[in-house]
Amino acid sequence: MGVKVLKFGGSSVADAGQLRKIKNIIESDPDRRYVVVSAPGKRSSSDSKVTDLLFMLKAQADNNIPWESLLGVIRDRYTSIADELGIETDLDERFEEIRARLREGCSEAYVVSRGEYLSAALISAYLGYDFVDTQSLIRFDQKGRLLTEETNVRLKAELAKHERAVLPGFYGGYEGSGDVCLFSRGGSDVTGSLVARAADADIYENWTDVSGMLMADPRIVKDPAPIERISYIELRELSYMGASVLHEEAVFPARMSDIPINIRNTNAPEDPGTVITNSGDDEDGKVISGIAGKPDFTVISIYKNMMNREIGYVRRALTVIEEAGIPFDHIPTGIDSLSMVIETSALEDKLNDVLDELKLRLKPDEISVEDNIALIAVVGRKMSRTPGVAARICSALAQNGINIRMLNQGTSEINIIVGVEAKDFEKAVNIIYSEFMA
Ligand code: ASP
């Protein structure tokens with residue numbers, strides 16, 4: 001028998017109707033043996049996620065605001081599902097325990113983790129699968145860093161005891177105390193990936209509310225084509241530029257064991273979704289895999305005659321940025337010039353200090369700052385084998401009157417970054433998309 005690990009996100013477990021769907025999905029394939037679940041998410045756009053309610057519950061308890069009624073609202077989310085589906089559960093006892101722990105002044109992580117914990121308890125009862133808690137299996141060090149190998153050993157040993165199980169996403173426990181430690185928001189994706197690795201899964205199916213990734217943002221390009229297959233590195237490039245479907249740490253464990261990740265849609269289970277693998281492996285003829293971008297960058301440009309002769313000049317410029325705690329995205333250079341491309345939000349109110357420091361330490365002939373620069377990443381694993389991609393991008397943009405402010409190709413040749421003025425951002429994305437997809 002094969003092994004498939006599934007993770008269902010908040011919208012997939014939001015109410016009884018969604019749970020019926022996930023039961024059908026799981027039961028339609030006997031290999032679907034391990035299921036990781038999020039806490040119930042929003043049922044409509046005006047609804048609240050249980051995780052957010054739990055954060056609020058703990059804040060109320062800490063601030064001596066009466067919290068019983070909010071606990072009641074959270075409880076109703078679970079009991080209404082259990083009642084509608086006729087699931088026999090011990091939810092009463094579990095809520096009694098949460099109430100008692102809140103009175104004792106338990107940690108925020110404990111309270112918030114109960115969203116996934118209760119979800120897994122309920123869904124395991126509904127499916128007739130074992131419930132396997134992750135608190136003692138997923139391990140973090142005292143600084144909250146995941147202990148990947150120890151986690152793998154623990155999970156592996158536990159999974160071997162269960163042919164089929166449901167596990168809560170989003171948390172584990174600290175080494176030593178064993179107290180609950182949370183991943184960052186959206187972290188159930190990481191749990192799913194860890195479970196997939198530990199189970200030696202054939203595939204990690206990440207079930208959400210979209211049918212995989214699209215080649216461009218549908219708010220910018222009308223009906224963009226779906227991405228059928230993509231490599232882990234391409235995914236990373238696209239996610240970094242805003243096309244995110246997975247928690248950014250979720251790829252790592254699956255990738256270590258070469259397990260494909262398949263993004264699927266609980267509301268359209270027949271859609272194949274996007275498959276993410278090491279190589280991307282198909283030969284479907286598309287030169288580019290996707291386009292993503294962000295419109296809010298600032299470029300600090302420094303000019304100095306004979307800059308190329310001054311050893312350490314770039315390092316000194318980067319040291320200023322580093323000391324100010326600012327991450328940079330790109331540093332295009334010329335022989336006498338250097339630009340630093342930085343997300344505008346990362347500069348916050350530090351810009352003037354940074355400029356003063358750069359002037360002091362680098363003695364430039366000229367320094368300029370330009371806001372409202374958009375960066376567009378054109379990503380494709382096949383670009384390296386296809387000559388002329390950059391030329392096509394440039395001429396398509398030129399023909400449509402768009403001025404390219406920056407052009408950067410990584411040596412991996414997996415992406416080309418195009419900088420344009422923010423006002424041209426959406427138009428440029430559409431032009432590049434049509435150039436390669438028409
Ligand atoms: N429930 C958590 C959140 O809302 C974790 C998750 O769903 O992955 O962030």
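Please read these numbers as outputs of a predicted model, since none were measured by experiment. Just so you know, ligand 1 is whichever comes first in the structure, and atom 1 is the first atom listed for that ligand.
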Is it true that the NZ or CZ of Lys23 lies under 6.0 Å from the centre of Tyr126's six-membered ring and within 45 degrees of the ring axis? yes
Cationic tip of Arg101 above Tyr110 ring, under 6.0 Å, 45° of axis: yes
Name each N or O atom in ligand 1 that is under 3.5 Å from a protein N or O, and give the partner atom and the distance.
from	atom 1	to	atom 2	distance (Å)
ligand 1	1 (N)	Thr51	OG1	2.7
ligand 1	1 (N)	Glu116	OE2	2.8
ligand 1	4 (O)	Arg185	NH2	2.9
ligand 1	7 (O)	Ser38	OG	2.9
ligand 1	8 (O)	Gly186	O	3.4
ligand 1	8 (O)	Gly187	N	3.4
ligand 1	8 (O)	Ser188	N	3.0
ligand 1	8 (O)	Ser188	OG	3.0
ligand 1	9 (O)	Arg185	NE	2.7
ligand 1	9 (O)	Gly186	N	2.8

Going from CG on Leu167 to CD on Gln135, what distance comes out if it is rounded to the nearest 0.5 angstrom? 13.5 Å
Centroid-centroid under 6.0 Å between Tyr232 and Phe252 rings: no
So, are Arg75 and Asp92 salt-bridged, with charged N and O less than 4.0 Å apart? yes
Kindly list each side-chain donor-acceptor pair under 3.5 angstrom involving residues 240-250, sequence neighbours excluded, with atom names and distances?
from	atom 1	to	atom 2	distance (Å)
Tyr240	OH	Asp329	OD2	2.5
His247	ND1	Glu249	N	3.0
His247	NE2	Ser184	OG	2.8

